[in-house]
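Single-structure report; data block below.
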Number of protein chains: 2
Amino acid sequence: MTANSHPHSEPGCRAVSEVLSRVGDKWTVLIVKSLQAADEDGRRFNDLKRDIGGISQQMLTRTLRSLERDGMVARTVHPTVPPQVEYRLTDLGNSLAVPVMALADWTFENMELIHANRSAYDELANAA
Amino acid sequence: MTANSHPHSEPGCRAVSEVLSRVGDKWTVLIVKSLQAADEDGRRFNDLKRDIGGISQQMLTRTLRSLERDGMVARTVHPTVPPQVEYRLTDLGNSLAVPVMALADWTFENMELIHANRSAYDELANAA
DNA sequence: CGGCATCCCGCCGGATACTG
DNA sequence: CAGTATCCGGCGGGATGCCG
């Protein structure tokens with residue numbers, strides 16, 4: 001940790017917030033999870049698209065590019081006809097998956113409670 | 001866990017993604033961290049605003065409302081003149097803070113690497 | 001097959017002004 | 001002090017079409 005100050009400093013928290021935005025992006029978790037399941041083999045573009053379901057080509061491309069830029073995902077092009085492109089998680093991507101999945105587990109465990117809280121809150125709002 | 005299927009199922013992952021969007025929101029982490037520092041005492045609206053810095057009243061209000069709706073934050077109004085409103089994390093909010101801070105630590109540890117990756121990526125893009 | 005370019009709409013989020 | 005209301009620019013993200 002050679003960066004300035006500690007993880008809970010003001011600027012540090014900003015940076016955390018920024019990366020969390022990437023992780024918290026609508027599609028990132030789904031993509032990371034799909035790539036994690038594929039493991040070493042990697043996964044091709046349209047396989048990824050099918051596996052995730054409901055994502056547009058554009059958003060899949062955009063999100064993969066962002067992840068690639070951050071070094072989370074490796075992109076390998078096989079110059080065949082038709083072209084083949086494989087995506088797989090890098091070591092960095094795999095290490096990210098650990099805390100992300102921990103958060104995912106927390107979410108899953110508390111999901112019902114959260115939804116119940118929302119319902120209760122909305123009901124009170126409607127009563128007024 | 002009485003919800004359908006396991007944490008890594010398709011619909012489960014969707015739900016996770018949804019809640020991660022709340023957590024990954026631009027301001028949520030900063031707010032949660034500030035409230036966590038205040039602990040039992042809670043924190044008042046403008047104190048929160050000052051402590052975070054750079055957030056507009058509107059977004060502070062909006063984000064606090066969302067967190068309150070999800071049951072992460074408790075809002076207490078003291079009917080004095082001028083009015084006082086205290087915000088503090090609920091048990092749910094505090095339990096969320098655990099995996100979130102783990103993710104924050106990961107981010108902090110890998111921040112330099114990520115930025116280096118971005119620079120390298122952008123440089124290659126410019127070369128073309 | 002695996003993209004990139006374009007159009008378009010909705011909401012995120014900032015700035016400002018007003019209220020109890 | 002702690003909001004709500006309004007305006008508005010920007011971008012997230014879907015649909016479609018074209019290309020190597």
Side-chain angles (χ1 to χ4, degrees), chain A residues 14 17-31 34-35 38 41-70 73-88 121 124-125 128, chain B residues 14 17-31 34-35 38 41-70 73-88 121-122 124-126 128:
Chain A
R14 298 276 178 175
S17 207
E18 184 215 344
V19 174
L20 271 178
S21 292
R22 271 252 40 73
V23 171
D25 158 283
K26 186 175 180 181
W27 298 110
T28 300
V29 181
L30 286 319
I31 292 177
S34 180
L35 288 178
D41 299 345
R43 212 181 273 273
R44 296 177 57 184
F45 188 86
N46 279 322
D47 290 342
L48 212 42
K49 188 171 186 309
R50 261 186 303 276
D51 187 50
I52 292 171
I55 188 173
S56 65
Q57 300 156 346
Q58 191 188 43
M59 287 318 297
L60 182 54
T61 302
R62 280 189 194 177
T63 310
L64 283 171
R65 284 293 175 282
S66 290
L67 289 172
E68 190 194 356
R69 190 171 101 104
D70 289 357
V73 160
R75 178 172 179 268
T76 316
V77 181
H78 302 276
T80 60
V81 177
Q84 280 192 338
V85 182
E86 271 184 16
Y87 293 93
R88 61 175 191 79
Y121 185 93
L124 282 178
Chain B
R14 299 274 178 177
S17 209
E18 183 215 343
V19 175
L20 270 178
S21 292
R22 269 251 43 73
V23 172
D25 157 283
K26 187 175 180 182
W27 298 111
T28 300
V29 182
L30 285 319
I31 291 177
S34 180
L35 289 178
D41 299 344
R43 214 181 271 274
R44 295 177 56 184
F45 188 85
N46 279 322
D47 291 343
L48 213 41
K49 188 171 187 306
R50 260 186 304 276
D51 187 50
I52 293 170
I55 189 171
S56 65
Q57 301 153 346
Q58 191 189 45
M59 286 318 297
L60 182 53
T61 301
R62 281 190 193 176
T63 309
L64 283 172
R65 285 293 175 280
S66 291
L67 289 172
E68 190 193 356
R69 188 171 102 104
D70 288 358
V73 161
R75 178 172 178 267
T76 315
V77 182
H78 302 276
T80 61
V81 178
Q84 278 193 340
V85 181
E86 271 184 16
Y87 294 92
R88 61 176 191 78
Y121 186 93
D122 293 345
L124 284 177
N126 287 338

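Chain letters run A, B, ... following the sequence lines, proteins first, then strands; residues in each count from 1. Just so you know, these numbers come straight off a predicted model, no measurement behind them.
For the pair A:G24 and B:S21, the tightest heavy-atom approach, listed with the atom from each and the gap, is O-OG, 3.3 Å. The shortest non-hydrogen separation linking B:Q84 to B:T80 is N-OG1, 3.7 Å.
When distances run from any side-chain atom of A:Q57 to the nucleotides C:dC4, C:dG13, C:dG2, the shortest one goes to C:dC4. For A:Q58, whose side chain is taken as the heavy atoms from C-beta onward, the closest listed nucleotide among C:dG2, C:dT6, C:dG14 is C:dT6.
Using a 4.0 Å heavy-atom distance criterion, B:R44 is classed as a sugar-phosphate-only contact.
Atom CE in A:M59 sits roughly 15 Å away from atom C1' in C:dA5 (whole-Å rounding). Protein atom CG of A:L48 is 10 Å distant from nucleotide atom P of C:dG3, rounded to whole Å. If you take CZ of B:R22 and C1' of C:dG13, they are 13 Å apart, rounded to a whole angstrom. A straight line from CG of A:L64 to C1' of C:dC4 spans 14 Å, rounded to a whole angstrom. Atom CZ in A:R43 sits roughly 13 Å away from atom P in C:dG2 (whole-Å rounding). Remark: P of C:dG2 and CZ of A:R50 are 8 Å apart, rounded to the nearest angstrom. Rounded to a whole Å, the CG atom of B:D25 is 9 Å from the P atom of C:dC12.
Under the 4.5 Å side-chain criterion, counting only non-hydrogen atoms from C-beta, B:R65 is not in contact with B:R62. For the pair A:I55/A:K49, a side-chain contact is recorded, criterion being any heavy-atom separation below 4.5 Å from C-beta on. Considering only heavy atoms from C-beta on, A:T63 comes within 4.5 Å of A:R22 through its side chain. You'll find the side chain of A:L60 stays beyond 4.5 Å of the side chain of A:Q57, heavy atoms only. Considering only heavy atoms from C-beta on, B:Y121 stays 4.5 Å or farther from A:D70 through its side chain.
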Inset, instruction - Take B:Q58 and B:T61 through the test side chain to side chain contact (heavy atoms under 4.5 Å, CB included) and record every step on the way to the result. - result: CA-CA 5 Å; B:Q58 191 189 45; B:T61 301; 5.8 Å; no
Legend entry - Derivation of the side chain to side chain contact (heavy atoms under 4.5 Å, CB included) call for B:L48 and B:L64: CA-CA 10 Å; B:L48 213 41; B:L64 283 172; 4.0 Å; yes
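Taking 4.0 Å as the cutoff to heavy atoms of chain B, we find the contact window on DNA chain D bounded by D:dC1 to D:dT6.
Residue-to-nucleotide proximity on DNA chain D shows that, of B:F45 and B:R62, the 5′-proximal contact is made by B:F45. Both A:E86 and B:K26 sit near DNA chain C, but only A:E86 has its closest nucleotide nearer the 5' end.
Distances shown here put every side-chain N or O of A:K49 at or beyond 4.0 Å from the OP1 or OP2 atom of C:dC1.
Against DNA chain C, the stretch residues 74-85 of chain B makes heavy-atom approaches under 4.0 Å through B:P83.
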